[in-house]
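As structure tokens, the structure follows; a few thoughts come after it.
Chain letters run A, B, ... following the sequence lines, proteins first, then strands; residues in each count from 1.
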Amino acid sequence: MVKIASWNVNSVRARLPNVLAWTRDTAPDVLLLQELKCEADAFPALEFEELGYNLAVVGQKTYNGVAILSKSAIEIDHRKLPGGDGDDQARYVEGFTSGVRVASIYLPNGNPISDAGQRTDKFAYKLAWLERLYRHVRDLLATEDAFVLGGDFNVIPEPIDVHDPEGWDKDALYHVDSRAAFRKLMFLGLTDAFRARHGHAQRYTWWDYRSGAWAKDQGARIDHLLLSPQAADQLAACDIDRRPRGLDKASDHTPIWCELGDR
DNA sequence: ATGGTAGCCTCGCTA
């Protein structure tokens, strides 16, 4: 059995006590982190190594940043998503560890979608990134290996995945084009681990810091664990752990995890 | 139509 968790921590240094405590308490075999907001040299490596983790960090100053932490050795395959000529944003790291291929993904937010009637570069970048991910996943599926894509996809897949779908039509997280690109990716044959285990439950992974969204439980499900068919065959459990979102100095996201093993 | 909060390290950007 291997337990894989994903968490957008919104600055690993600002969040260090919270992230260390959760990691110690829940002891995932593999932990995928996003929004580190620091360069690799500034990542608090010793603190995680003391908990028994190996690290693969792709960092960047101030923005973005992703990592794979694993209790087993990590063979890194990609430090950026293929096909991004000149794209140097730290949003993707992929490797093989604990008998499974994993990727830690921080997909572009894409807001605002338009400016003075024109589609923005930010939204175009998001849609292009989703298309690049589609092409790469198509290649990964051809290997017929078990793999798990985990991270902040910045896509609300369905109306049930947000508190107020009507209010989100013009947001890049729920825009019809974002959702279509995400569906195209899923239709390659990926399994949304949360949906596979929880049917039509309405549960969120992110709550805006603003307007008391957490207190009112006005959130969205944008952090996902997407499984290849060979990984989905092994899916034993998946859940969202709301507890960290309610702590002092919380990230605006909370962790999602799954367990793969013989059933 | 706007602003609401958080992090980073600038007087604004990203989310």
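- Nucleotides of DNA chain B nearest to A:N111 and A:K37 differ in position, and the one nearer the 5' end is that of A:K37.
- Applying the side-chain hydrogen bond (donor to acceptor under 3.5 Å, both in side chains) criterion to A:K37, with sequence neighbours excluded, gives A:N10.
- Side chain of A:T62, nearest nucleotide from B:dG4, B:dG7, B:dC9: B:dC9.
- Side-chain proximity of A:Y63 to the nucleotides B:dA15, B:dC13, B:dC8 is greatest for B:dC13.
- Taking atom NZ on A:K216 and atom P on B:dT5, their separation rounds to 11 Å, with Å as the unit.
- Looking at A:R132 and A:D85, no side-chain N of the basic residue comes within less than 4.0 Å of a carboxylate O on the acidic one, giving no salt bridge.
- The side chain of A:R91 sits closest to B:dA15 out of B:dA6, B:dA15, B:dG7.
- The distance from atom NZ of A:K249 to atom P of B:dC8 is 8 Å, rounded to the nearest whole Å.
- If you take atom C1' in B:dC11 and the same atom in B:dA1, they sit 25 Å apart, rounded to whole Å.
- Atom CG in A:N154 sits roughly 8 Å away from atom C1' in B:dA15 (whole-Å rounding).
- Here, B:dT14 and B:dT10 have their P atoms 14 Å apart, quoted to the whole Å.
- Contact check, A:S11 against B:dA6: no side-chain N or O comes under 4.0 Å of OP1 or OP2.
- When the C1' atom of B:dG4 is taken as reference, atom CD of A:Q218 falls 12 Å away, rounded to whole Å.
- For the pair A:R15 and A:S211, both in contact range of DNA chain B, the more 5′-proximal nearest nucleotide belongs to A:S211.
- Which of B:dC9, B:dG7, B:dA15 sits closest to the side chain of A:K61 comes down to B:dC9.
- For the pair A:Q34 CD and B:dT14 C1', the interatomic distance rounds to 16 Å; values are reported in whole Å.
- For A:Q34 and A:S104, the side-chain atoms include at least one donor-acceptor pair closer than 3.5 Å.
- Listed candidates were B:dA15, B:dA6, B:dC8. Nearest to the side chain of A:Y209 is B:dA6.
- In this structure, the CH2 atom of A:W214 is 15 Å from the P atom of B:dA6, given to the nearest Å.
- Following rounding to the nearest Å, A:D171 (CG) and B:dT2 (C1') show an atom-to-atom distance of 15 Å.
- For the P atom pair drawn from B:dT5 and B:dC9, the interatomic distance equals 22 Å after rounding to whole Å.
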Salt bridge (Lys or Arg N to Asp or Glu O under 4.0 Å) between A:D77 and A:R101, intermediate numbers included: CA-CA 9 Å; A:D77 290 307; A:R101 188 164 309 285; 2.3 Å; yes
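- Atom pair A:E35:CD and B:dC8:C1' shows a separation of 11 Å (rounding to whole Å applied).
- Look at A:D239 and A:R203 and you find a salt bridge, because one of the NZ, NE, NH1 or NH2 atoms lies within 4.0 Å of a carboxylate O, short of that distance.
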